[in-house]
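Each remark here refers to the structure printed beneath this line.
Excluded from the calculations below are hydrogen atoms, water molecules and symmetry mates; all remaining heavy atoms, backbone and side chain alike, are included. If you're wondering where the values come from, they're calculated on a predicted model, not measured in any experiment.
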Amino acid sequence: QVQLVESGGGLVQAGGSLRLSCAASARTFSNYAIGWFRQAPGKEREIVAVISRNGGRTYYGNSVKGRFTSSRDNAKNTVYMQMDSLKSEDTAVYYCAACATFSTNEIPSSPSAYAYWGQGTQVTVSS
């Protein structure tokens, strides 16, 4: 069982930055790839980023590529997502999710692959 808690959301002006954190309770945190997803009102859940078990491989959605960076500290059971150059269209509830993977470099992109989800944190970007 894995419990995930996101933090770091808030209100920021366009062009600003935020850093989200995802803290996990799993004893074997390093066995899990961590994905970041977001959902805006009236829109489908969208993949934002994925980081592999050992942090050696990452994936970013086209809409955030070059602006968002995900990293992890397995010693602290925490994954981070640095969000820079924020735009109003980044406004959404952001979720982190955990997927147990066999390969250390696997980066699942489908939400259905993730068994554990956090409660979400709101990010609002004002224009």
Side-chain angles (χ1 to χ4, degrees):
Q1 190 74 12
V2 179
Q3 292 184 325
L4 302 169
V5 179
E6 303 96 338
S7 61
L11 174 64
V12 64
Q13 288 188 332
S17 298
L18 283 175
R19 188 175 83 154
L20 303 184
S21 297
C22 173
S25 65
R27 290 191 299 173
T28 55
F29 180 66
S30 61
N31 286 349
Y32 295 87
I34 301 296
W36 288 96
F37 299 83
R38 68 185 182 187
Q39 189 164 20
K43 294 188 177 181
E44 293 186 355
R45 188 164 294 189
E46 174 189 17
I47 186 170
V48 178
V50 182
I51 187 165
S52 62
R53 287 171 48 181
N54 62 0
R57 191 176 176 201
T58 52
Y59 166 87
Y60 297 98
N62 288 334
S63 60
V64 306
K65 201 172 294 182
R67 299 188 297 121
F68 291 12
T69 304
S70 186
S71 60
R72 67 189 293 161
D73 185 342
N74 284 346
K76 295 183 178 180
N77 277 21
T78 302
V79 170
Y80 306 96
M81 187 161 69
Q82 178 67 36
M83 306 188 297
D84 298 321
S85 303
L86 284 162
K87 305 175 181 179
S88 58
E89 50 263 45
D90 294 320
T91 295
V93 177
Y94 284 71
Y95 302 88
C96 65
C99 172
T101 62
F102 180 75
S103 166
T104 56
N105 283 327
E106 186 176 352
I107 45 172
S109 59
S110 171
S112 62
Y114 292 80
Y116 305 101
W117 291 79
Q119 82 290 349
T121 185
Q122 176 71 46
V123 171
T124 302
V125 184
S126 63
S127 56

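Nearest approach of W36 to V79, heavy atoms of both residues: NE1-CG1, 3.5 Å. Considering all non-hydrogen atoms of both residues, S88 and S127 come closest at CB-CB, 4.2 Å. Closest heavy-atom contact between G55 and I51: CA-CG1, 3.7 Å. Between Y60 and S70, the shortest heavy-atom distance links the atoms OH-N, 2.8 Å. Shown here for D84 and Q82, the closest heavy-atom pair between the two residues is OD1-NE2, 2.9 Å. Residues P108 and V50 come closest through the heavy atom pair O-CG2, 3.3 Å.
For the pair R19 and Y80, the cation-pi test (distance below 6.0 Å, angle within 45°) is passed.
Taking CG of N54 as the reference point, atom CG of N74 lies at 8.0 Å (rounded to 0.5 Å). Atoms CG and OG1, on N105 and T58 in that order, are 10.5 Å from each other to the nearest 0.5 Å. A distance of 14.5 Å separates OH in Y59 from CD in E106, rounded to the nearest 0.5 Å. One finds the CD1 atom of I107 at 13.5 Å from the CD1 atom of I34 (value rounded to the nearest 0.5 Å).
Below 30°, between 30° and 60°, or above 60°: for F68 and Y94 the angle between ring planes is between 30° and 60°, a tilted geometry. Between W117 and Y95, the ring planes are perpendicular. Angles over 60° get that label, and only those under 30° would be called parallel.
N77 places a side-chain N or O within 3.5 Å of a backbone atom of A26 that can act as its donor or acceptor partner. Under a 3.5 Å cut-off, the side chain of R53 and the backbone N or O of F102 do form a donor-acceptor pair. Using a distance-only test at 3.5 Å, with no hydrogens or angles considered, no donor-acceptor pair links the side chain of R38 to the main chain of E46. Counting only distance, with no hydrogens or angles, the side chain of T91 and the backbone of V125 share a donor-acceptor pair below 3.5 Å. Between the R72 side chain and the S52 main chain, a donor and an acceptor come within less than 3.5 Å of each other.
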### Task
Apply side chain to side chain contact (heavy atoms under 4.5 Å, CB included) to the pair L20 and E6, showing each step before the final yes or no.
CA-CA 7 Å; L20 303 184; E6 303 96 338; over 6 Å; no

### Query
When you look at Y116 and Q1, which way does the side chain to side chain contact (heavy atoms under 4.5 Å, CB included) test go after all the steps?
CA-CA 8 Å; Y116 305 101; Q1 190 74 12; 4.0 Å; yes

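Heavy atoms from other residues, nucleotides or ligands lying under 6.0 Å from CD of Q3 number 12 at most. The number of heavy-atom neighbours closer than 6.0 Å to NZ of K43, taken from other residues, nucleotides and ligands shown, is 12 or below.
There is no path of hydrophobic side-chain contacts, each under 4.5 Å, that joins Y114 to V2. When the side chains of ILVMFWY residues are joined at heavy-atom separations under 4.5 Å, either directly or via intervening members, L86 and V93 end up in two distinct hydrophobic clusters. Clustering ILVMFWY residues whenever any of their side-chain heavy atoms sit less than 4.5 angstrom apart, transitively, puts V123 in the very cluster that holds V48. The cluster map of Ile, Leu, Val, Met, Phe, Trp and Tyr, joined by side-chain heavy atoms under 4.5 Å apart, puts L4 and L18 in the same cluster.
In this model, no donor atom of one side chain and acceptor atom of the other lie less than 3.5 Å apart for S103 and R57.
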